[in-house]
Every structure is written in C-alpha cells, then in structure tokens.
Amino acid sequence: MQNVILIVHLLLALSLIGAVLLQRSEGGGLGMGGGGGAMSQRAAATALGKVTWILAIGFIVTSITLTILAAQDASGVSVMDRLGGSGSAPAAEQTAPGEIDTDALLPPPSASDSETSPDAPLVPRAD
C-alpha cells in the first residue's frame with residue numbers, strides 16, 4: 001500500500017510542477033512588480049488555479065499519509081535493533097557476512113619497527 005501511495009505522490013508532484021509552470025507570471029519577485037503587488041485585488045480564480053490548489057492539497061495529504069505509514073513501520077524498533085546489535089556483545093566483535101575486517105587492512109609494520117619491537121603499535125609519523 002505504501003508503494004501505491006508513493007507512486008500517487010510522485011504523479012501529484014509532477015502534475016503540480018506542470019500546473020505551476022503553465023500559469024501566467026505576475027511580474028517581479030513575489031508579485032511586487034507590474035503595478036499590482038500584495039495589496040491589489042485578486043482576479044477570479046481560473047481553472048488552472050483551482051487545479052493547482054487541488055493538486056497541492058493532494059500532495060500534502062499523501063505526504064502526511066506516507067509519514068504516518070513510515071512512523072508505524074518504525075514504531076517499537078530501536079536504532080540499535082535495526083543496526084543488528086544485540087546489546088550483549090561489543091560492536092567490534094560482531095561481523096556480518098560480507099563485512100570487511102578492518103584489522104586485516106592495516107599495512108604491515110616497517111622493517112625498522114619490527115626489528116626493535118614486534119608488538120609495538122603503528123604510529124603515524126610526519127616524515
């Protein structure tokens with residue numbers, strides 16, 4: 001059901017973009033130019049204006065519906081549960097199938113480090 005509402009939402013968005021672009025421009029920024037402005041009388045609503053309002057209301061309704069559906073799907077699930085952590089073992093010890101072991105990606109110690117102390121940690125240098 002969520003996919004159907006999402007498709008309707010996308011169609012409404014595209015239709016709303018088209019309806020807004022088809023409307024006549026009123027001039028300067030925010031309707032302030034062209035002798036009219038915010039304080040002038042408004043003309044009677046055209047059919048395209050009514051369609052724009054209907055599409056906008058439908059867009060808002062589908063947005064709220066998708067938000068409610070997403071909230072219901074996520075209710076009762078914590079972020080830690082979605083990450084796969086059980087809470088009993090540290091995250092460093094858990095590796096999922098296909099996960100890369102980052103310890104194996106470290107470069108081998110240089111010859112000078114391994115001769116003096118093989119257990120010495122690798123420390124970055126500014127050489």
Side-chain angles (χ1 to χ4, degrees):
M1 179 170 151
Q2 194 170 3
N3 288 336
V4 173
I5 295 174
L6 184 61
I7 291 171
V8 170
H9 183 72
L10 293 175
L11 290 175
L12 283 171
L14 293 174
S15 301
L16 185 60
I17 290 170
V20 168
L21 289 176
L22 286 175
Q23 290 182 7
R24 186 177 66 95
S25 174
E26 292 185 7
L30 298 176
M32 299 237 178
M39 302 304 284
S40 66
Q41 285 183 313
R42 295 186 58 181
T46 62
L48 193 55
K50 290 179 183 178
V51 168
T52 304
W53 274 104
I54 291 169
L55 290 173
I57 291 169
F59 182 81
I60 291 170
V61 168
T62 55
S63 297
I64 293 171
T65 305
L66 286 170
T67 302
I68 291 171
L69 289 175
Q72 287 176 351
D73 288 344
S75 65
V77 179
S78 72
V79 175
M80 294 304 292
D81 291 340
R82 283 190 271 162
L83 291 176
S86 62
S88 61
E93 294 178 11
Q94 297 176 355
T95 56
E99 195 171 299
I100 297 173
D101 183 19
T102 56
D103 293 335
L105 296 177
L106 292 175
S110 65
S112 64
D113 288 342
S114 62
E115 291 174 2
T116 58
S117 170
D119 295 332
L122 294 176
V123 180
R125 296 186 180 162
D127 295 13

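These numbers come from a predicted model, not from an experiment.
Between Thr65 and Val61, the closest heavy-atom pair is OG1-O, 2.7 Å. Pairing each heavy atom of Thr62 with each of Val8, the nearest pair is CG2-CG1, 4.3 Å. Annotation for Ser63 and His9: closest pair OG-CE1, 2.9 Å, computed over non-hydrogen atoms. Closest of all the heavy-atom pairs between Ala19 and Leu55 is CB-CD1, 4.1 Å.
Note that CG of Leu6 and CE of Met1 are 12.5 Å apart. Values are rounded to the nearest 0.5 Å. A distance of 12.5 Å separates CD1 of Ile5 from CD1 of Ile64, quoted to the nearest 0.5 Å. For the atom pair CG of Leu16 and CD1 of Ile54, the computed distance is 12.0 Å after rounding to the nearest 0.5 Å.
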Exercise. Evaluate the side chain to side chain contact (heavy atoms under 4.5 Å, CB included) criterion for residues Gln2 and Asp73: first the C-alpha distance (whole Å), next the side-chain angles of each, then the deciding distance (0.1 Å), finally the verdict.
Key: CA-CA 11 Å; Gln2 194 170 3; Asp73 288 344; 3.3 Å; yes
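Looking at Leu14 and Leu10, their side chains never come closer than 4.5 Å, going by heavy atoms from C-beta outward.
Under the 4.5 Å side-chain heavy-atom criterion for grouping Ile, Leu, Val, Met, Phe, Trp and Tyr, Leu66 is not connected to Leu12 through any hydrophobic cluster.
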